[in-house]
Amino acid sequence: MTYDPNDPRNQRHSELMAARAAQAEANIAAREAEAVASADPATAAEFDRIVALRAAEEMQPPPPLVDPVPLPEWPVHVLPEWVAEHAVATADRLQVPVDLCAQLAVGVLAAICMGHVKTVAHDWTEPTALFLYCAMHSGAGKSPAEKAIVQPLREWEKAKRLDGEEAYTLALAEHKVAQKRAKELEAQHARGACDVSEFREAVLEAAEPPPARFRLTIDDTTPERLVQLLADHKRLALISTEAGLLDMVAGGYNKGGSTNLDVYLKAWSAETIIRDRKGGDTGPEATIVDDPLLTVALTIQPSVIETYQGERRDLVGRGWFARFMPSVPESLVGTRTFALRPPAGPEAQRYTEQIFRLAEDLHASGEERRYVLDDAAVARFFAWCESWEPDLAPGGRLEALHDQSSKIRSSVLRLAGILAAVRGGGTSVGLDVVEDAIEVGEYWTHHALAVEGVIEGVDSDAVKIALDVLDWCRRQQKLEFSPRDVQLSKRSRYPYVEDLVPGLELLAKRGWITFTEGDLGQVGVRGARVLARSHPVALTQSARALTLGGRTRGRTCSRVKDGKTPPPPPPMPNTPEDPPPPREPREPRVLDPEDDDDPFGPFA
C-alpha cells in the first residue's frame, strides 16, 4: 500500500495535526501573556537581586581576607658560590622562583652529607638529613628545575654503581656458592660425615647478608620496601616531583587506609628501626636497622599539602609535616616569556664537577666527621632558640608553630653542619656559618606560618572568626546561613552571637558574604531576622587560600550534609524587560504509513 496525499483520510490527519500544533502555540502565548500581566514591582526587584547575586558569583573570587605581606625570598647568598650561581642561573633560564632551585640544592647537599657529617652544639648532636618541600602549582616549572639541580647527583650515583658492578656480580656469585656449600655440608653434618669446624665456617659465611648494588636516591617506594632498602644501604634520599610519598604514608596503597609513618619518622632522626613480621616458610622475619637516615626533597602542589593537613590530622599530630621545612614561593606563571631558551652556562658544568668532588670526598673516606660549633656559634644558636620561647606561648607570634618549632631548630643546626662541610676549611663551625643557617631558618619560619594561614603583623581575631564562619558553611554545604546558626554550633567559643560581628564585618567588607535579609547592625537584636549568603568559592578554598589567596581546590574537605549535595540554583525568571525569545511556528508533520522509521507507526 502506497501513501496517497490526496486520500481524504490522510488529509484529515494532516489537518488535525496542524490544528493541535497551532493550539499548543496559542496556549503557550496565553500563559506568557498572563505572566506578564500579573508581574508586580516586587517580582521585578527580586529578579534584579537574583541577577546581581549570580553576576557577582560568576566573577573572580573576592580578595583574600587580609592583604598578605610578601614572603621572603630564599637567601641564596648563604650557599656556597658554585651552588648559588647555578641555582640563580637555573631559575633565570627556566623562569621559576629561585626558592625552588635553592630548596632542591639543599636537598642534594643533605643527601651527600648525611651519614658522613654530624653537627655538634655542646651536648646537642644532629645528623644532616633534611625533609624539605617546595609547593608550587602544576605547570609552574617544577620538573625542569628538579632535573637541572638533581641530575648531577643521579649521574654520580649511576657512575658509582657502574664502577662497582663487577665487584657486585662477583660478590653475589660467591654468596650463592656459600649458600649452596652450606646446604651440602648441612646434609653431611647430619650424617656425621663432615668436619665440624668446616661446617661452622660454611654456615657463618652463608649467613652473611647478600650484597646490594649501590643506591642513594629513590622515588616511588612503599614504607615496607623502604625498611629493606635502609637495611641494605643505611642512608637514602627520596627526591620527587610527585605526591606519591604522601599517598604512601597516608595509606593510599593500603585498602585499610592505615598510616605507616614510623620508618620516615625514625629515619629523620637516625633512630633504630626494629621490624618483626610473621614471615613465610622460613619462620618469623626480623629486620633491625641501626642509624638509618633519609633525606626527602619534594616539589608538589599546594593543594596536596592543604588536603593532607586538613583531612589527615594524624599526619600533623605525629609530627610528619612538622619535620618538613617548607617553601611556598609566588608562581611566575603569567609573567614568563617563550623565546628560545638559552642553554645552560659554564656554572652548570662547575656545579656538576663540584657535586662529584664533594660526593667522592665524603663517601671515599668512609668515616663520619663531627662538625663542632665554636663557643661564639653555640652562644648565638642557643640565644636564637631561646628567643623563640615567648612567641610560642598561646597568643604569641609563633603559636601556630608549636609542634614544628623544635624541628625547625634541629634543621637549622643540621644545615649549619652541611654548609660547613661543603665550604671546607676544617670541622669547626664558626659564627658566620651559624648566622647563615639561622637566616635560612627564619625563611623556613615565615613560610611555615604562611602554610598555617597566619598573617604576620595582623590582628587575627577577626580573621579567625571569619574563617570559623566560612568553615561552618563549608562543612554544612550551605551558601545561605543565619549568624545565629553558626553561633549555636560553636557556642563554646562564641557564647553570644554578637561575638561573630568582627568576622562578619570583615567577610562583608571583603565581599565573601552578602546580607540577603537584615544587616550587620541587626545581629544580636532580639526579634530581628538576619540572613547572609556566602560566595560559592568559599566552599572550595582552604584557610590559607582564604587568607592569603590561591586557587580553588579540585575537591573540598567538607562533608555533604545528610548525604545530599546542595541543589542547583533555581532557573532565572523572565521579566517584561527581558521576555523569552519568540518561537518560530513549527511545520505540521505529515506521517507516511510506509515509513518504517516513523515512531508513530503506520496508520490506516
Side-chain angles (χ1 to χ4, degrees), residues 64-75 78 99 102-103 106 119 121 124 126 130-135 265 268-269 302 305-306 308-310 313 315-330 377-416 434-468 471 493 503 542-550:
L65 295 178
V66 295
D67 297 322
V69 178
L71 291 172
E73 190 177 83
W74 217 101
V78 309
D99 310 57
Q103 283 279 94
V106 170
T119 315
W124 187 344
E126 290 285 348
L130 288 174
F131 281 19
L132 311 161
Y133 74 73
C134 184
L265 301 181
W268 181 84
S269 53
I305 303 299
E306 295 168 3
Y308 280 110
Q309 281 191 312
R313 299 306 298 173
L315 299 183
V316 178
R318 294 185 62 185
W320 163 257
F321 280 110
R323 284 165 165 77
F324 279 90
M325 299 299 102
S327 173
V328 285
E330 185 175 353
V378 169
R380 175 69 180 99
F381 176 70
F382 285 154
W384 176 72
C385 292
E386 190 172 340
S387 68
W388 274 35
E389 284 305 304
D391 292 332
L392 293 171
R397 180 180 69 92
L398 303 177
E399 177 188 2
L401 303 185
H402 178 278
D403 297 337
Q404 196 170 7
S405 59
S406 62
K407 305 302 185 294
I408 294 177
R409 292 162 172 162
S410 296
S411 297
V412 167
L413 189 56
R414 296 177 182 207
L415 179 61
V434 171
E435 290 285 6
D436 289 342
I438 288 176
E439 187 173 354
V440 178
E442 290 292 340
Y443 168 90
W444 287 333
T445 302
H446 288 293
H447 285 247
L449 288 171
V451 170
E452 296 293 336
V454 176
I455 309 298
E456 298 185 78
V458 173
D459 183 5
S460 59
D461 287 344
V463 175
K464 290 178 180 178
I465 297 172
L467 291 176
D468 281 343
D471 179 68
R493 185 177 303 177
S542 65
R544 178 180 181 274
L546 290 168
T547 52
L548 296 178

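Nothing fancy with the numbering, it's 1 onward along the sequence. No experiment lies behind these values; they were computed from the predicted model shown.
Partner of Ile438 under the side chain to side chain contact (heavy atoms under 4.5 Å, CB included) criterion, chosen from Val412, Val78, Leu415: Val412.
Here the closest non-hydrogen pair linking Leu398 and Leu392 is O-CD2, 3.4 Å. Across every non-hydrogen atom of Ala135 and Pro329, the tightest pair is O-CD, 3.9 Å. Nearest heavy atoms, Arg397 versus Leu449: O-CD2, 4.0 Å. Between Met325 and Gln404, the shortest heavy-atom distance links the atoms CE-NE2, 4.1 Å. In plain terms, the two heavy atoms of Pro75 and Glu439 that are nearest each other are CB-OE2, 3.6 Å. Considering all non-hydrogen atoms of both residues, Leu71 and His446 come closest at CD2-O, 3.7 Å.
Side-chain atoms of Arg409 and Trp388, non-hydrogen and from C-beta on, do get closer than 4.5 Å to each other. In this structure, the side chains of Ser410 and Trp124 come closer than 4.5 Å at one or more pairs of heavy atoms. Looking at heavy atoms from C-beta onward, Leu401 lies out of side-chain contact with Asp391 at the 4.5 angstrom threshold. Within the 4.5 Å cutoff, the side chain of Pro72 has heavy atoms near those of the His447 side chain. By the 4.5 Å heavy-atom criterion applied to side chains, Val440 and Trp74 are counted as neighbours.
Taking the six-membered ring where tryptophan is involved, the planes of Tyr133 and Phe324 are tilted, since the angle between them lies from 30° to 60°.
Rounding to the nearest 0.5 Å gives a distance of 7.5 Å between CZ of Phe131 and CG of Leu265. Atom CD in Glu126 sits 7.5 Å away from atom OG1 in Thr119 (nearest 0.5 Å). Summarising the geometry, atom CD1 belonging to Ile408 is positioned 9.0 Å from atom CD belonging to Glu442; distances are rounded to the nearest 0.5 Å. Rounded to the nearest 0.5 angstrom, Glu399 CD and Ser405 OG are separated by 12.0 Å.
Heavy-atom contacts from other residues, nucleotides or ligands closer than 6.0 Å to CD of Glu330 number 12 or fewer.
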May I have the step-by-step check of side chain to side chain contact (heavy atoms under 4.5 Å, CB included) for Phe321 and Val451, ending in yes or no?
-> CA-CA 11 Å; Phe321 280 110; Val451 170; over 6 Å; no
Verdict with supporting geometry, Trp444 and Gln103, side chain to side chain donor-acceptor pair (under 3.5 Å) | CA-CA 10 Å; Trp444 287 333; Gln103 283 279 94; 3.0 Å; yes
